A.B. asks: 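Let me give you the structure first, and then I'll get to my questions.
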Amino acid sequence: MKRIKAIYPGSFDPPTNGHLDLIERGSKIFDELIVAILRNPEKDPLFSVADRRKMLEAMTAGFDNVLVDTFEGLTVDYALRVEAQAILRGIRAISDYEYELQMALMNRKIQPGLETVFMMPAEKYSYVSSRLVREVAQLGGSIDCLVPELVAQKLREKMDVAHKFENGEQLAGKTHSEGKSKSRKKKL
Ligand code: PNS
């Protein structure tokens, strides 16, 4: 019997409940699903690839047929390397469609044998994106229902570190400007 392996590529910075919902749906229709985190040297992510991998591994520990991996370069090349037949992507709203269609058609142009399969996460996650989760967390809003608890915890830790750093910087800034005003005084 033919076994279908799919990859679910993405940035997952951070992984959300929407991602988890899609992983669960994908795990039901594919024999094997690899959640593939893109290692993108051009992006400045909030979480390191290692952190994202750990979070996704913990989130997917309950699924027997789901693996987490990382990749660099073209998604289609990675899919071929791991002998996957399909790429899974989520579409939350019509606004996702244009970009996703463009990407799917480009991937098909480069690698015609590979199919992109779109799935819709539950409606309650239709507004959840990693970008908005990052923004809400950075501005002190609650992200508790948007991400799994372990991700919320990691986000809180990140924000604490960021606040401490900012406070430290502000103090350093004061010293710096005091220093500046002293040197200005000297010049006068
Ligand atoms: O979670 P994201 O950021 O929407 O995922 C986008 C991702 C990683 C699937 C896409 O950027 C991608 O496939 N990048 C790898 C490079 C590549 O294959 N580019 C051509 C896409 S047509």
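Each ligand, and each atom within it, is numbered from 1 in the order the structure gives. As the structure is a computational prediction, the values presented were derived from the model and not from experiment.
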A.B. asks: What's the shortest distance from atom 5 (O) of ligand 1 to any protein heavy atom, and which residue and atom give it?
C.D. replies: R89 NH1, 3.3 Å

A.B. asks: Can you measure from OG1 (T60) to CE (M55) and round to the nearest 0.5 angstrom?
C.D. replies: 12.5 Å

A.B. asks: Quick one: which ligand 1 atoms are inside 4.0 Å of a heavy atom on N107?
C.D. replies: 21 (C), 22 (S)

A.B. asks: Between R92 and E100, is there a salt bridge with N-O shorter than 4.0 Å?
C.D. replies: no

A.B. asks: Closest heavy-atom contact between T16 and S129?
C.D. replies: CG2-C, 4.2 Å

A.B. asks: Can you report which non-hydrogen protein atom sits closest to atom 2 (P) of ligand 1, along with the distance?
C.D. replies: S11 OG, 3.5 Å

A.B. asks: Looking at R81 and D77, is there a salt bridge between them, counting it only when a charged N and a carboxylate O are closer than 4.0 Å?
C.D. replies: no

A.B. asks: Regarding atom 14 (N) of ligand 1: of the candidates D77, L105, L38, which has the closest heavy atom?
C.D. replies: L38

A.B. asks: Which residue owns the protein heavy atom closest to atom 16 (C) of ligand 1, what's the atom, and how far is it?
C.D. replies: G73 O, 3.4 Å

A.B. asks: So which atom in R89 and which in T116 form the shortest heavy-atom distance, rounded to 0.1 Å?
C.D. replies: CG-CG2, 4.4 Å

A.B. asks: What residue and heavy atom of the protein are closest to atom 11 (O) of ligand 1, and at what distance?
C.D. replies: Y99 OH, 4.1 Å

A.B. asks: Could you grab the distance from atom CG of L146 to atom CG of L132, nearest 0.5 Å is fine?
C.D. replies: 9.0 Å

A.B. asks: Nearest protein heavy-atom contact for atom 12 (C) of ligand 1: which residue, which atom, what distance?
C.D. replies: T75 OG1, 3.4 Å

A.B. asks: Measuring from I23:CD1 to I34:CD1, what's the distance to the nearest 0.5 Å?
C.D. replies: 12.5 Å

A.B. asks: In terms of residue, atom name and distance, what is the protein heavy atom nearest to atom 21 (C) of ligand 1?
C.D. replies: M103 CG, 3.7 Å

A.B. asks: Please report which non-hydrogen protein atom sits nearest to atom 17 (C) of ligand 1, along with the residue it belongs to and the distance in Å to one decimal place.
C.D. replies: L74 CD2, 3.6 Å

A.B. asks: Taking only heavy atoms of M106 into account, list the atoms of ligand 1 that are under 4.0 Å away from them.
C.D. replies: 22 (S)

